[in-house]
Structures are given as C-alpha cells and as structure tokens.
J.: 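Let me give you the structure first, and then I'll get to my questions.
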Amino acid sequence: MIFFDHKISEQNSSLIRFTAYENDVSEGDCLLDLRYSDAEVTFIEYNKNKPYIAEGLIRAAFNYAANKGFYIGKSSCECAADVLDRMNFENRNGLYINDIPSILM
C-alpha cells in the first residue's frame, strides 16, 4: 500500500514536502510551493520505473492545494513530463499548467 505524507517547512510555511511511502520505504518526494496565487510543484524525485509514484505525489500535492483554496496548478518538472502529460496538464513552453479540478480528474 502506498501512503503519502506531507510536512510543512519550518522556515517557510508556504513550502510543503510530500513523501510517498510504499511498505514503509520512501519511494519519492515532491515540493509544493503555495507562495503566489497559483500552486506549483517545483521539485519531484521518484524511480522512473514507478511513474504511479510521481502521479500520486502530484495528486496529493494538488489535492492539498485545492483544500487550501488554490485553483490553478503548475509544474516545471521536466523529469516528470510524461506523467504530467497524462494528467491533463497543458505544456506551455516547458511550464505545465491547468486548473486543479481538471488535473485531479
């Protein structure tokens, strides 16, 4: 079973780190930035053989953002481009963007 945990940065409360655990082993991380009017995943790291981990991290992050009132989601993480493409993001010159309800569908 996969579990997604989050931790708010002590130095900056607008930065939230999400970690995916599978069988109590860390399988990936992403960083969500809520500093501006849009929510942005600025970092993601995962095993390329497990794209479902990246998708889960992105969904967990944007679900969190939606619950905080954010409507637009962005990411510039090229390392997860294939996952972002499958998740209804529009690629605008390397910036992946869409409204959060569409991303989470």
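Position 1 is the first residue of the sequence; numbering continues from there. Excluded from the calculations below are hydrogen atoms, water molecules and symmetry mates; all remaining heavy atoms, backbone and side chain alike, are included.
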J.: Rounded to the nearest 0.5 Å, how far apart are CD1 of Ile97 and CG of Leu84?
T.: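 It comes to 12.0 Å.
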J.: Any side-chain heavy atom of Lys74 within less than 4.5 Å of one from Phe62?
T.: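 A side-chain contact is absent here, since even the closest heavy-atom pair is not under 4.5 Å.
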J.: Hey, any chance Tyr52 and Leu57 share a hydrophobic cluster, counting ILVMFWY side chains that come within less than 4.5 Å of each other, even indirectly?
T.: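 Linked within one cluster.
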J.: Is any side-chain heavy atom of Asp29 closer than 4.5 Å to a side-chain heavy atom of Thr19?
T.: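 Side-chain contact under 4.5 Å: yes.
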J.: Do Glu27 and Ile2 have side chains that get closer than 4.5 Å, going by heavy atoms?
T.: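 No, side chains not in contact.
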J.: With a 4.5 Å cut-off on side-chain heavy atoms, are Cys79 and Glu45 touching?
T.: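 No, side chains not in contact.
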J.: I need the Leu34 CG to Leu15 CG distance, nearest 0.5 Å.
T.: 8.0 Å
J.: Heavy-atom distance under 4.5 Å between the side chains of Asp24 and Phe3, does that happen here?
T.: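 Asp24 vs Phe3: side chains apart.
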J.: Could you tell me if the side chain of Tyr71 sits less than 4.5 Å from the side chain of Pro101, heavy atoms only?
T.: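 Yes; the side chains approach each other to less than 4.5 Å.
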J.: Does Asp33 use its side chain to pair, donor to acceptor, with the backbone of Thr42 at less than 3.5 Å?
T.: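 No, Asp33 side chain to Thr42 backbone: no donor-acceptor pair under 3.5 Å.
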J.: Could you grab the distance from atom CG of Leu31 to atom NE2 of His6, nearest 0.5 Å is fine?
T.: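 Output value for this atom pair is 13.0 Å.
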J.: Go through Asn63 and Phe4 one step at a time and tell me if the side chain to side chain contact (heavy atoms under 4.5 Å, CB included) criterion holds.
T.: CA-CA 12 Å; Asn63 187 57; Phe4 299 95; over 6 Å; no
J.: Does Ile8 belong to the same Ile/Leu/Val/Met/Phe/Trp/Tyr cluster as Val41, with side-chain heavy atoms less than 4.5 Å apart forming each link?
T.: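 Yes, it is one cluster - the side chains of Ile8 and Val41 are joined through contacts under 4.5 Å.
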J.: Taking everything shown except Tyr36 itself, do over 12 heavy atoms lie less than 6.0 Å from its OH?
T.: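 Check fails, neighbour count at 12 or below.
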J.: Cut-off 3.5 Å, side chains only: do Ser102 and Asp99 have a donor facing an acceptor?
T.: yes
J.: Atom OG in Ser75, atom CG in Asn91: separation rounded to 0.5 Å?
T.: 10.5 Å
J.: Do you know which two heavy atoms are closest between Met105 and Arg59, and how far apart they sit?
T.: O-NH2, 3.6 Å
J.: For the residue pair Leu32 and Ala65, what are the closest heavy atoms and their distance?
T.: CD2-CB, 4.2 Å
J.: Supply the atom-to-atom distance Cys77 SG to Glu40 CD, rounded to the nearest 0.5 angstrom.
T.: 7.5 Å
J.: At what distance, to the nearest 0.5 angstrom, does CG of Asn67 lie from CD1 of Ile100?
T.: 9.5 Å
J.: Would you please name every residue forming a side-chain contact (heavy atoms from CB on, under 4.5 Å) with Ala54, sequence neighbours left out?
T.: Ile44, Tyr46, Val83
J.: Using the side-chain hydrogen bond (donor to acceptor under 3.5 Å, both in side chains) criterion, which residues pair with Arg86? Sequence neighbours excluded.
T.: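 With neighbours one apart ignored, the set is empty.
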J.: Inspect the surroundings of NZ in Lys68 and state if more than 12 heavy atoms from other residues, nucleotides or ligands are less than 6.0 Å away.
T.: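 Open: at most 12 neighbouring heavy atoms sit under 6.0 Å from NZ of Lys68.
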J.: Is the Tyr64 ring parallel, tilted or perpendicular to the Phe18 ring (thresholds 30°, 60°)?
T.: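 The arrangement is perpendicular - the two ring planes meet at more than 60°.
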